[in-house]
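See below for the structure under consideration.
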Amino acid sequence: MVDKMFPLGLIGYPLSHSLSPWIHQSFFEKVDLSGTYKLYEIEPEIFSVKLSEIKEKVVGFNVTLPYMEKIISYIDKLDDTATGSGAVNTVVKKGSGLIGYNTDGIVYYRTLFNDKQLRVLLIGAGGAARGIFHALLLNGVKNIDITNRTLEHAEQLVEDFSSTTNIYSLDAISKHLEHYDLIIQTTSVGMAPKDQEAIICLDAIKKTAIVSDIVYRPLETNLLKEARKQGAHIHYGHTMLLHQAAYAFEIWTGKTVSLDTMAEELQIKLKGS
Ligand code: ATR
């Protein structure tokens, strides 16, 4: 009998530096499945046409910027992980239909923290913050505050989730930082080539706090450097990337992958890139 083959891929624009092909090839090898993971860079003007072509070639795909919201109008059924967050990063083809999921944040939180009592501060109110906010709510976390440059964006997010969240400006947050057990940075601030930037000053954090940054280039952002100097625990951006990928892989193939040495391997790759 010929083993099932899994043609997968990623749609987005632009896509040049994606680590996902490497991650999913490693997953295939780990669980002894055959499959491919291709990059499909789609220019916005030809999105619909290209998407129809890609649908014919794959059994599932990831979606990244700028299409995580746009894809929803092409999806036939949304999983709970995607319904609330308003963004889809993983799609499964079932018959001729598409099912949309959002694997950002949910397993990351469950695996690494799994504590509903943690007081969480989200930095940012864009698409990534939305996915993580929703994942926290699905994990039963209730104490979530937000700090963002534009307060209206944070207010909109909180309204969409009907949540009772405190919202602070980036300037005001320093006075409240000692409240938080977990601080998750969800904006692109600090990403190479602007890697000298840090979105807030962490001088006043609790020494036992955990600081997590979704930016993974550079591996250790300025914000994480600051957190480390303060004695806090840090979580690099690529750990979240790996967890969302592993959950997507499980949805497509039914196989659970162990991430054991992958975080270290990915670190080496990132240092060399
Ligand atoms: P994504 O969908 O990737 O999250 P986005 O929707 O553009 O991207 O959201 C980016 C987030 O980064 C927002 O919270 C944005 O703040 P605003 O709501 O004020 O726009 C934040 N952000 C981006 N550049 C920033 C900067 N230079 N300083 C502070 N916040 C910034």
Side-chain angles (χ1 to χ4, degrees), residues 10-20 41-42 44 47 62-73 81-82 84-91 100-106 108-109 120-137 144-161 163 165-174 176-177 180 182-202 211-218 221-224 226-227 235 237-238 240-241 243-245 248:
L10 170 66
I11 65 169
Y13 184 81
L15 283 181
S16 51
H17 296 299
S18 175
L19 292 164
S20 295
E41 194 169 67
I42 313 180
F47 183 78
N62 280 133
V63 185
T64 188
L65 299 175
Y67 299 131
M68 292 170 71
E69 288 166 51
K70 186 181 173 107
I71 191 77
I72 290 179
S73 56
T81 50
S85 66
V88 162
N89 78 336
T90 301
V91 177
Y101 298 76
N102 191 326
T103 69
D104 272 338
I106 187 150
Y108 173 76
Y109 191 84
V120 181
L121 175 68
L122 269 191
I123 307 176
R130 198 164 270 275
I132 293 168
F133 196 104
H134 184 60
L136 293 173
L137 293 176
I144 312 165
D145 290 346
I146 299 189
T147 182
N148 194 45
R149 179 179 60 181
T150 310
L151 293 179
E152 295 79 47
H153 292 166
E155 282 157 9
Q156 185 61 56
L157 195 154
V158 170
E159 195 184 313
D160 291 350
F161 287 115
S163 164
T165 302
N166 295 310
I167 298 172
Y168 300 105
S169 69
L170 294 175
D171 290 333
I173 193 62
S174 58
H176 303 276
L177 280 179
Y180 301 106
L182 172 62
I183 298 171
I184 308 179
Q185 198 298 113
T186 73
T187 79
S188 54
V189 178
M191 191 188 288
K194 294 189 179 167
D195 50 4
Q196 296 310 308
E197 296 177 2
I199 191 156
I200 59 169
C201 166
L202 293 178
V211 180
S212 175
D213 198 331
I214 65 159
V215 172
Y216 56 83
R217 275 199 179 93
T221 58
N222 247 346
L223 190 82
L224 292 183
E226 272 307 307
H235 274 282
H238 67 278
M240 197 176 311
L241 179 76
H243 278 92
Q244 66 77 21

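Since the structure is predicted, the reported quantities are computational estimates derived from the model, not experimental observations. Whatever order the structure lists them in is the order used to number ligands and atoms, beginning at 1. Here, residue 1 is the first one in the sequence, and each next residue gets the next number.
- Aromatic ring orientation, Phe161 versus Phe133: parallel (interplanar angle below 30°, classes split at 30° and 60°).
- Atom OG1 in Thr187 sits 11.5 Å away from atom CG in Leu122 (nearest 0.5 Å).
- Under 4.0 angstrom from ligand 1, the non-hydrogen atoms of Val189 all belong to its side chain.
- Residues Leu223 and Leu202 meet the side-chain proximity criterion, which asks for heavy atoms closer than 4.5 Å.
- A donor-acceptor distance shorter than 3.5 angstrom exists from the side chain of Thr147 to the backbone of Ser169, with no hydrogens or angles considered.
- Residues Asp160 and Arg130 form a side-chain contact, since some pair of their non-hydrogen atoms from C-beta on lies under 4.5 Å apart.
- No side-chain donor-acceptor contact under 3.5 Å links Asn222 and Glu226.
- Considering only non-hydrogen protein atoms, atom 18 (O) of ligand 1 sits nearest to His153 ND1, 2.5 Å.
- For ligand 1, the atoms sitting less than 4.0 Å from at least one non-hydrogen atom of Gly127 are 1 (P), 2 (O), 4 (O), 6 (O), numbered in the order shown with element in parentheses.
- In this structure, of Ile123, Ile146, Leu65, Ile132, the residue bringing a heavy atom nearest to atom 3 (O) of ligand 1 is Leu65.
- Side-chain atoms of Gln185 and Thr221, non-hydrogen and from C-beta on, never get closer than 4.5 Å to each other.
- Every atom of ligand 1 with a heavy atom of Gly124 under 4.0 Å away is listed here by number and element: 14 (O).
- When only non-hydrogen protein atoms are considered, atom 19 (O) of ligand 1 lies nearest to Thr150 OG1, 2.4 Å.
- Nearest residue to atom 14 (O) of ligand 1 from Asn148, Thr187, Ile200, Thr64 is Asn148 (criterion: closest heavy atom).
- Taking CD of Gln156 as the reference point, atom OG1 of Thr150 lies at 12.5 Å (rounded to 0.5 Å).
- Looking from atom 9 (O) of ligand 1 to the surrounding protein, the closest heavy atom is Gly126 CA, 3.4 Å.
- Considering both main-chain and side-chain atoms, Ala129 never comes within under 3.5 Å of ligand 1 through any nitrogen or oxygen pair.
- Put simply, atom 16 (O) of ligand 1 has protein non-hydrogen atoms near it, under 4.0 Å away.
- Ligand 1 has a nitrogen or oxygen under 3.5 angstrom from a nitrogen or oxygen of Arg149.
- The N/O atoms of Leu170, backbone and side chain alike, include none that comes under 3.5 Å of an N/O atom in ligand 1.
- Judged purely by atom type and a 3.5 angstrom limit, Thr90 has no side-chain atom pairing as donor or acceptor with the backbone of Asn102.
- Remark: ligand 1 atoms within the under-4.0 Å shell around heavy atoms of Ile199 are 29 (C), 30 (N).
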